[in-house]
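This report concerns only the one structure given below.
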Amino acid sequence: MIKKLAILATLGFILAFTACKNTGQKSDDGKMYVVATTTMVHDLVKNIGGDRIKSDGLMGPGVDPHLYRASESDVSKLSNAEIIFYNGLHLEGKLVDVFDKMNRLGKNIYPVADTVKEDHLIPSADYASSYDPHIWFDINLWKKAAHFIADKLSKHDPENREYYQSNLKNYISEMDSVQKQINSLIDQVPKDKRILITAHDAFNYFGQAFGFEVVGLQGISTASEAGVKDVQNLADMIVKNKIGAIFIESSVPRRNIEALQEAVKSRGFDVKIGGELYSDALGTPGTEEGTYTGMFLHNVKTIVKALK
Ligand SMILES: [Zn+2]
């Protein structure tokens, strides 16, 4: 609580301090300064903004956006940003107050999910009148997010419009090519084996796009804990359907999936842990999984290898 108060006090100070320059700052070399929340959104920003912008991401590898709270240095980055991009649809559930304050300051703050029409969103099973925020697992929706970011960068920095639009075009064709590779990998998994069980409900868009039944041990947000009953029910389902593998996630502690594996074992059946999937955060920068397209390929290879 004390820490929270301290952050709010700092926020108040920074907001007062920056109130006279709401549009944010250019960095020393005159580049627009852009801040993104999650690693996925930041990856898009970097692909499209290239070397004509300066950017920071608030969250790193292994960080769970559902539970993430802003640090003092985050608030200072957000206050200095000319543009802020976040995922939206309550993915960053604990940053709502900070986003509200940035809005009141007149900051250029954009949730990329705003670009997706409601009829393309999957309603949340856990929260009435809200939607599943994990839209990056449908590549077609993430292409819309890419267009959205290119348009906003162009709007605020029209001199570099052509550069951003050309980066967008290149990046969309990279996504097209990854989509083709993914489709041919997934063809190796028989239809009756397309059941994906993971630590939390991050893969509904993936399931919809590629014909998988998806079950998350925790709900749509990791803020709700998996109960003993969830574990027992899911263990019964695994035994009944003779499911070969379940998956841990890089941004969720592995203990719940291990408890599920134990519960299956106590029923006289063995389910293996098929590997680690990147759900709500990309991997370490510089590795294959450190980019959106590399992360997607890694996940699909891991799933296909374990379930085919
Ligand atoms: Zn999630």
Side-chain angles (χ1 to χ4, degrees), residues 36-44 57-70 85-96 98-99 111-116 120-139 141-142 145 195-210 212-227 230-231 234 246-260 273-284 289-292 294-296 298-300 302-303:
T37 55
T38 69
T39 48
M40 289 75 68
V41 176
H42 192 209
D43 181 75
L44 270 185
L58 300 187
M59 303 175 200
V63 171
D64 179 348
H66 299 287
L67 305 178
Y68 188 81
R69 290 179 191 279
F85 290 111
Y86 65 104
N87 187 84
L89 298 174
H90 306 290
L91 178 75
E92 302 97 333
K94 314 274 185 204
L95 297 184
V96 171
V98 179
F99 294 156
V112 299
D114 261 13
T115 189
V116 181
H120 289 131
L121 294 171
I122 298 176
S124 159
D126 303 339
Y127 303 97
S129 71
S130 72
Y131 293 101
D132 185 330
H134 305 86
I135 53 170
W136 56 94
F137 281 124
D138 180 332
I139 298 178
L141 297 186
W142 209 234
I195 302 178
L196 179 62
I197 298 177
T198 65
H200 90 297
D201 254 336
F203 292 91
N204 290 317
Y205 290 95
F206 178 90
Q208 185 174 271
F210 298 107
F212 277 75
E213 184 185 336
V214 171
V215 188
L217 184 51
Q218 278 171 278
I220 217 157
S221 165
T222 52
S224 61
E225 270 294 322
D230 299 322
V231 173
L234 201 43
I246 55 180
F247 299 87
I248 53 175
E249 295 174 29
S250 66
S251 52
V252 183
R254 56 190 295 148
R255 60 174 186 273
N256 289 342
I257 283 292
E258 286 170 346
L260 176 61
I273 291 184
E276 182 180 57
L277 305 181
Y278 293 86
S279 51
D280 291 5
L282 302 179
T284 313
E289 301 81 32
T291 66
Y292 169 77
M295 167 284 287
F296 219 120
H298 163 91
N299 282 355
V300 170
T302 305
I303 292 166

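Atoms within a ligand are numbered from 1 in the order they appear, just like the ligands themselves.
By the 4.5 Å heavy-atom criterion applied to side chains, Met59 and Pro65 are counted as neighbours. Annotation: side chain of Leu44 is not in contact with side chain of Tyr292 (no heavy-atom distance under 4.5 Å). A heavy-atom distance below 4.5 Å is not found between the side chains of Leu217 and Val252.
Within a 6.0 Å radius of NE2 in His90, other residues, nucleotides and ligands contribute 12 heavy atoms or fewer.
Of all protein N/O/S atoms, those under 2.8 Å from the Zn ion (ligand 1) are His66 NE2, His134 NE2, His200 NE2, Asp280 OD2, and waters are not counted.
In this view, Ser124 and Asp126, Tyr127, Ser130, Ile220 satisfy the side-chain contact (heavy atoms from CB on, under 4.5 Å) rule, not counting sequence neighbours.
Between Met295 atom CE and Tyr278 atom OH the span is 10.5 Å, to the nearest 0.5 Å.
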